[in-house]
Amino acid sequence: MNKVSRPITILMADDDEDDRLLARDALLESRVLNTLHCVEDGQALLQYLRGQGKYSDKSAYPTPSLILLDLNMPIMDGREALREIKADPSLRSIPVVILTTSKEEEDMLRGYDLGAASYITKPVNFEGLVELMKALGRYWVEFVELPSRDRT
C-alpha cells in the first residue's frame with residue numbers, strides 16, 4: 001500500500017475524565033501521530049464543531065476528521081448530539097465512531113440508524129485501549145479516504 005498516512009484530528013466526547021486521559025495516553029502509547037481534542041458532553045461537542053464560544057479559534061480547535069462519541073453523557077447525551085451532527089449539512093460528513101460502555105443492542109441499532117460509522121464497546125483495560133487506538137489510527141489514517149477539513 002503506497003498511500004502516505006497523514007495525521008488526523010480526533011475529537012473525543014466523553015464525560016469521564018479518566019477515559020479521556022486513558023484515550024490520550026493510549027494514543028501516545030500506540031504511536032499513532034494524531035491530534036486528540038476532548039469535550040465533556042454533547043453540548044460542548046456541538047459548540048466545538050460549530051466554532052462557538054471558547055471554541056471560536058479554529059487554529060486551536062480545528063474541525064476534526066473523526067469523532068469518538070460516548071453515548072451516556074450529561075447535559076446532552078451522545079444520541080442527541082449524533083442526531084444534530086447528522087442533521088447539519090456542514091457537519092454530517094464527519095465520521096462518528098460510537099465508543100461506549102453500553103453493550104445494549106438497542107443502542108447499537110439506534111447509533112447506526114442515526115448515522116454512526118462504527119460502534120465500539122470500550123475495552124476494559126489500558127492494554128485493550130492501546131490496541132483499539134492503534135487499530136483506529138491505522139484504519140482511519142492509512143485505509144480510509146477522508147475529505148480535507150481545511151475550512152475557515
Side-chain angles (χ1 to χ4, degrees), residues 5-104 106-123 126 129-130 132-141 144-152:
S5 61
R6 58 180 170 74
I8 63 172
T9 298
I10 300 170
L11 178 56
M12 181 179 196
D14 195 314
D15 64 315
D16 187 317
E17 185 178 3
D18 289 338
D19 285 353
R20 293 192 307 266
L21 290 171
L22 284 172
R24 188 174 304 281
D25 289 347
L27 203 57
L28 288 171
E29 179 80 18
S30 70
R31 293 179 176 74
V32 176
L33 301 175
N34 296 313
T35 304
L36 178 67
H37 293 271
C38 297
V39 294
E40 311 79 40
D41 59 62
Q43 187 176 57
L45 171 63
L46 290 168
Q47 288 172 343
Y48 180 112
L49 292 171
R50 293 174 175 150
Q52 298 170 335
K54 69 179 186 179
Y55 303 108
S56 61
D57 181 355
K58 279 301 193 182
S59 62
Y61 303 104
T63 301
S65 303
L66 177 66
I67 298 169
L68 300 179
L69 180 66
D70 186 25
L71 291 181
N72 302 312
M73 298 182 290
I75 303 174
M76 176 187 282
D77 73 14
R79 297 161 198 84
E80 295 170 88
L82 180 57
R83 184 181 303 108
E84 284 206 34
I85 291 167
K86 294 307 177 181
D88 186 326
S90 66
L91 303 175
R92 75 170 57 134
S93 67
I94 302 170
V96 177
V97 173
I98 295 172
L99 182 59
T100 186
T101 55
S102 174
K103 294 180 181 181
E104 296 295 322
E106 182 180 326
D107 281 338
M108 187 183 308
L109 292 170
R110 190 165 173 211
Y112 283 122
D113 283 346
L114 290 172
S118 300
Y119 188 101
I120 300 170
T121 303
K122 286 181 186 175
F126 182 71
L129 193 57
V130 169
L132 173 63
M133 288 300 170
K134 280 183 188 174
L136 279 173
R138 286 205 64 218
Y139 180 74
W140 289 102
V141 174
V144 174
E145 295 287 338
L146 293 169
S148 172
R149 294 284 170 207
D150 299 329
R151 62 168 210 207
T152 52

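Residues: numbered from 1 along the sequence shown. Worth knowing before you read on, the calculation uses all heavy atoms, side chains too, and leaves out hydrogens, waters and symmetry mates. The shown structure was predicted, so the numbers you read here are calculated from the model rather than taken from an experiment.
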(Q) So T100 and N72, do their side chains get closer than 4.5 Å, heavy atoms only? (A) yes
Q. Got a second to check how far I67's CD1 is from T9's OG1, nearest 0.5 Å?
A. 11.5 Å
Q. Should Y48 and P62 count as side-chain neighbours, where that means a heavy-atom distance under 4.5 Å?
A. yes
(Q) For Y55 and Y61, take the angle between the two ring planes, folded into 0 to 90°, and tell me which bin it lands in: parallel under 30, tilted 30 to 60, perpendicular over 60. (A) perpendicular
**Q.** Distance (rounded to the nearest 0.5 Å) between I75 CD1 and E80 CD
**A.** 11.0 Å
Q. How far does CG of L132 sit from CG of L99, to the nearest 0.5 angstrom?
A. 6.0 Å
Q: Looking only at non-hydrogen atoms, find the nearest pair between A87 and P89 and report the distance.
A: O-CD, 3.4 Å
Please output the side-chain donor-acceptor pairs of residues 108-120 that fall under 3.5 Å, not counting sequence neighbours, one pair per line with the distance.
residue: Y112; atom: OH; partner: Y119; partner atom: N; Å: 3.1
residue: Y119; atom: OH; partner: S102; partner atom: O; Å: 2.8

Q. With a 4.5 Å limit on heavy-atom distance, are the side chains of I94 and L11 in contact?
A. no
**Q.** From CG (L82) to CG (L71), nearest 0.5 Å
**A.** 8.5 Å
Q: Under the salt bridge (charged side-chain N to carboxylate O under 4.0 Å, His left out) rule, collect the residues that match up with E84, sequence neighbours excluded.
A: R50
**Q.** Heavy-atom check, side chain of L49 versus side chain of P64, under 4.5 Å
**A.** yes
Q) Taking atom CD1 of I85 and atom OG of S90, what is their separation to the nearest 0.5 Å? A) 10.5 Å
**Q.** Main-chain N/O of R92 paired with K86 side-chain donor or acceptor, under 3.5 Å
**A.** yes
(Q) Within a 6.0 Å radius of atom CD on E104, are there more than 12 heavy atoms belonging to other residues, nucleotides or ligands? (A) no
Q. How about D14 and L68: do any of their side-chain heavy atoms sit closer than 4.5 Å?
A. no
Q) Are any of the side-chain heavy atoms of V39 and L45 separated by less than 4.5 Å? A) yes
**Q.** Contacts of type salt bridge (charged side-chain N to carboxylate O under 4.0 Å, His left out), residue R79, not counting sequence neighbours
**A.** D77, D107
Q. Within a strict 4.5 Å, meaning less than it, do heavy atoms of the L129 and K122 side chains meet?
A. no
(Q) So, taking the atom named CG in D15 and the one named SG in C38, what distance separates them when rounded to the nearest 0.5 Å? (A) 12.0 Å
(Q) Closer than 3.5 angstrom, by distance alone: can the side chain of R20 be matched with the main-chain N or O of M12 as a donor-acceptor pair? (A) no
